[in-house]
Amino acid sequence: MPGLVGIVSIGGRAKASLIAAMRSAIKHQDWYQIDDYTNCKGTVAISRVHLGIFNRDSQPYSAQGGAVKVFLHGEIFNDEVIHSDPLDFIYRLYKKQGLDFASFLNGSFVVVIIDDAEDAVLIANDRLGSKPLFYYSDGQATYFSPELKSLLLVPCVGRKFNLAAAADFLANGHFTREHTLIAGLETLDSATVVKITIGGVVRHKYWQYELETDGKDRGHEYYREALTQLLRQAVNRRLRTDNTYGVLLSGGYDSRGILGCYLETRHNQPLHTVSWGEEEDVPESDCAIAKQLAHRLGAQHRFYKLSAEDVIHNFHEFIRLGEGLTWYPENYAVFQRIREQQGIDIVLRGDECFGWEGLMVHDERAMFRALFINTLQDMRVYQRILRPSHYQSFSNLSVEMLHQLSSRCHAKNLHNRKDFFYLTVRLKYLLAPLNYVKTFALESFTPLLDYDLLDFVSTLPVHYRLSKQLYRQTIVGMFPDLFADIARRRNDIDWAAAFGSCAALQCFVYRELIEQPNAMDAFINTAGLRSEIEALFTPVCENSAEWCKPRPLAKSGAMWLRERSPLAFNIAHRANYTVHKWLGKNAASFPSNRAILRLLILKVWTDVFLNYRVARISD
């Protein structure tokens with residue numbers, strides 16, 4: 001990371017000073033490496049900004065005597081590129097397959113191909129849209145970048161606030177479609193090739209997930225053996241470089257499966273493991289279990305502490321770097337420390353992809369809630385902190401967007417629909433932006449998103465995906481020694497507790513939301529917001545230190561039933577859900593602290609981006 005920035009002009013020349021400024025806007029470290037290219041006509045200018053960890057050779061790759069140029073940001077994991085140049089592999093696919101070339105690539109990438117013979121420029125991304133790419137076309141030129149900051153330097157880009165995107169963010173904490181908070185600026189949809197010619201800009205969707213399976217169930221043993229082979233293959237594909245790897249180690253199943261495959265391949269090399277969170281030694285938590293496992297394996301393990309006070313201290317930087325794409329604030333300095341202290345180049349990390357939470361999905365509404373996708377109508381806190389007219393307007397927008405989102409999936413089965421929206425919405429619009437800024441200091445690979453694995457999941461009968469049953473059983477069978485303990489709680493920052501105990505957080509929130517006016521105030525009911533903030537600032541008990549002290553995790557009867565008999569749990573939960581639905585008591589449970597954090601992000605974002613202080617390049 002970060003990626004490719006570019007200008008493709010149709011009728012004129014790409015301004016050299018503009019592409020230089022766009023490139024500088026995403027050069028977040030002095031040690032980043034730069035590849036610059038401008039074609040002989042001066043109509044195409046592209047800069048590659050990268051960390052020098054992989055694809056180290058200068059780009060673009062040149063073919064056909066210089067008539068075709070290829071840029072690659074990211075990694076290609078096709079087995080055919082083991083002993084060849086990935087850029088030459090992309091070029092050969094393009095010459096053979098044309099616009100469909102990207103459908104034959106397995107990886108996490110943005111590719112730009114400049115074809116002088118066709119007088120065309122192609123921009124393609126991977127199936128998941130895992131590398132952010134924003135773009136803007138004004139009829140004369142197309143501008144693109146992995147960050148909005150670059151595009152805000154373009155003279156013709158306006159600063160109009162996108163109300164639909166704001167409603168989307170307040171409801172979900174991320175976007176569920178291609179829009180951004182600035183009207184006219186969009187993200188490139190996943191699995192898309194953009195072709196730019198003198199005739200205009202054409203977008204070609206080359207692939208789409210299909211999860212409705214009508215094939216024969218081949219049996220648990222067949223699927224377990226296939227998954228075992230695919231897991232090993234996915235991790236091995238990402239261990240082909242000579243870099244130093246680290247494993248992001250939690251107490252759950254995903255990281256444990258990756259760790260087991262890593263140890264099989266690199267058992268003679270030092271093992272670096274990493275975890276981060278608010279406190280390390282909370283009983284039965286991610287970080288505590290990770291620490292125990294790393295110690296047993298003799299790993300070089302480090303825990304990196306996160307705190308609400310540190311996040312708030314760096315909050316404006318978090319917004320500037322992360323661009324307000326997700327609701328969960330983090331301290332990105334942690335990842336620079338990981339690079340410096342452990343010498344890690346690439347982190348291996350997991351992502352849920354074998355069936356998102358499914359035992360509590362009984363209808364379309366519950367299906368979206370399982371993915372934390374909501375409408376503002378279900379979140380009563382916004383009635384108190386938004387002005388009535390704007391609350392109604394935002395609510396209507398969020399309802400309409402949810403209807404549009406629902407229509408994108410043609411599957412009938414609720415669990416297939418749920419997994420479709422996880423793979424096409426949650427991964428792209430929540431997890432990918434969260435991961436992007438973490439890779440300003442090091443690179444990140446997600447083996448469980450290997451295309452062969454995802455293709456396997458798309459053909460897997462539903463009951464194997466429910467609560468990841470097949471995956472869990474498979475990796476426990478592969479690596480039984482790694483599963484002595486499984487975490488039952490996370491180590492994330494407890495924002496509800498922080499609001500009630502952290503004076504620095506309280507001062508910051510009050511100053512930003514109440515005392516410092518900006519354009520967002522037009523939407524806010526100040527009296528309601530003040531009341532909501534004051535309620536959050538009241539600790540649950542008088543002794544705030546006692547409030548923050550970790551407590552042992554008590555296992556509820558529902559959790560016990562869920563672990564021992566998922567089917568019985570599902571039946572009991574469905575009955576309870578149906579009764580509450582009939583009584584009209586199925587409103588979404590949404591913590592006020594999340595609403596305040598989302599509003600805080602939008603308010604600071606308005607200061608940082610609608611009043612962007614970097615000078616634009618004049619015409």
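Nothing fancy with the numbering, it's 1 onward along the sequence.
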Does a side-chain N-to-carboxylate-O contact under 4.0 Å join E512 and K603?
no

Interatomic distance, S150 atom OG to L4 atom CG [nearest 0.5 angstrom]:
11.0 Å

Can a side-chain donor-acceptor contact be found between R177 and Y429 if the only test is distance below 3.5 angstrom?
no

Counting C-beta onward and ignoring hydrogens, is there a side-chain heavy-atom pair between T142 and V194 closer than 4.5 Å?
no

Does K160 NZ have over 12 foreign heavy atoms under 6.0 Å away?
no

Might you point out which heavy atoms bring L414 and M367 nearest each other, and give the distance in Å?
O-CG, 3.7 Å

Check the surroundings of atom NE2 in H390: do more than 12 heavy atoms from other residues, nucleotides or ligands lie under 6.0 Å from it?
yes

Would you find a donor on one side and an acceptor on the other, under 3.5 Å apart, between the side chain of N125 and the backbone of A191?
yes

Full working for side-chain hydrogen bond (donor to acceptor under 3.5 Å, both in side chains) between S406 and R417:
CA-CA 9 Å; S406 180; R417 292 177 65 79; 2.9 Å; yes

Look only at the side chain of D281 and the backbone of A288, and say whether a donor-acceptor pair between them is shorter than 3.5 Å.
no

Starting at CH2 of W605, measure out to CG of L325 and round the result to the nearest 0.5 Å.
10.0 Å

Apply ring-ring contact (aromatic ring centres under 6.0 Å, His included) to residues Y436 and F440 and explain how you reach the verdict.
CA-CA 7 Å; Y436 174 71; F440 282 178; 5.2 Å; yes

Option passing side chain to side chain contact (heavy atoms under 4.5 Å, CB included) with V49 (candidates Q29, R23, H73):
R23

R384 atom CZ, neighbour heavy-atom count above 12 within 6.0 Å
yes

Short side-chain to backbone donor-acceptor contact, T192 and S190, under 3.5 Å:
yes

Assess the side chains of N518 and D607: does a donor N or O sit below 3.5 Å from an acceptor N or O?
yes

R302 and Q341 side chains, donor-acceptor separation under 3.5 Å
yes

Test applied, ring-ring contact (aromatic ring centres under 6.0 Å, His included); reference residue, F508; option that passes from F537, F499, F315:
F315

Nearest heavy-atom contact between K428 and T424 is CB-O, 3.9 Å

Residues that E443 engages under side-chain hydrogen bond (donor to acceptor under 3.5 Å, both in side chains), provided they are two or more places apart
none

Distance in Å, S108 OG paired with L449 CG, rounded so as to fall on 0.5 Å steps
8.5 Å

Could I get the full list of ring pair (Phe, Tyr, Trp, His ring centres under 6.0 Å) partners for F169, not counting sequence neighbours?
none

Looking just at side-chain N and O atoms, do E400 and N396 make a donor-acceptor pair shorter than 3.5 Å?
no

Carboxylate-amine/guanidinium proximity below 4.0 Å for R349 and D254:
no

According to salt bridge (Lys or Arg N to Asp or Glu O under 4.0 Å), who are the partners of E186, at least two apart in sequence or on a separate chain?
R203

Using a strict 4.0 Å threshold on nitrogen-to-oxygen distance, state whether K305 and D310 make a salt bridge.
no

Indicate whether any N or O donor in one side chain lies under 3.5 Å from an N or O acceptor in the other, for T439 and S444.
no

Charged N-O contact under 4.0 Å between E340 and R337:
no

Could you tell me if the side chain of V425 sits less than 4.5 Å from the side chain of N172, heavy atoms only?
no

Please report the interatomic distance CG(L133) to OG(S145), rounded to the nearest 0.5 Å.
7.5 Å

Option from F394, Y391, Y382 for which ring-ring contact (aromatic ring centres under 6.0 Å, His included) with F523 holds:
F394

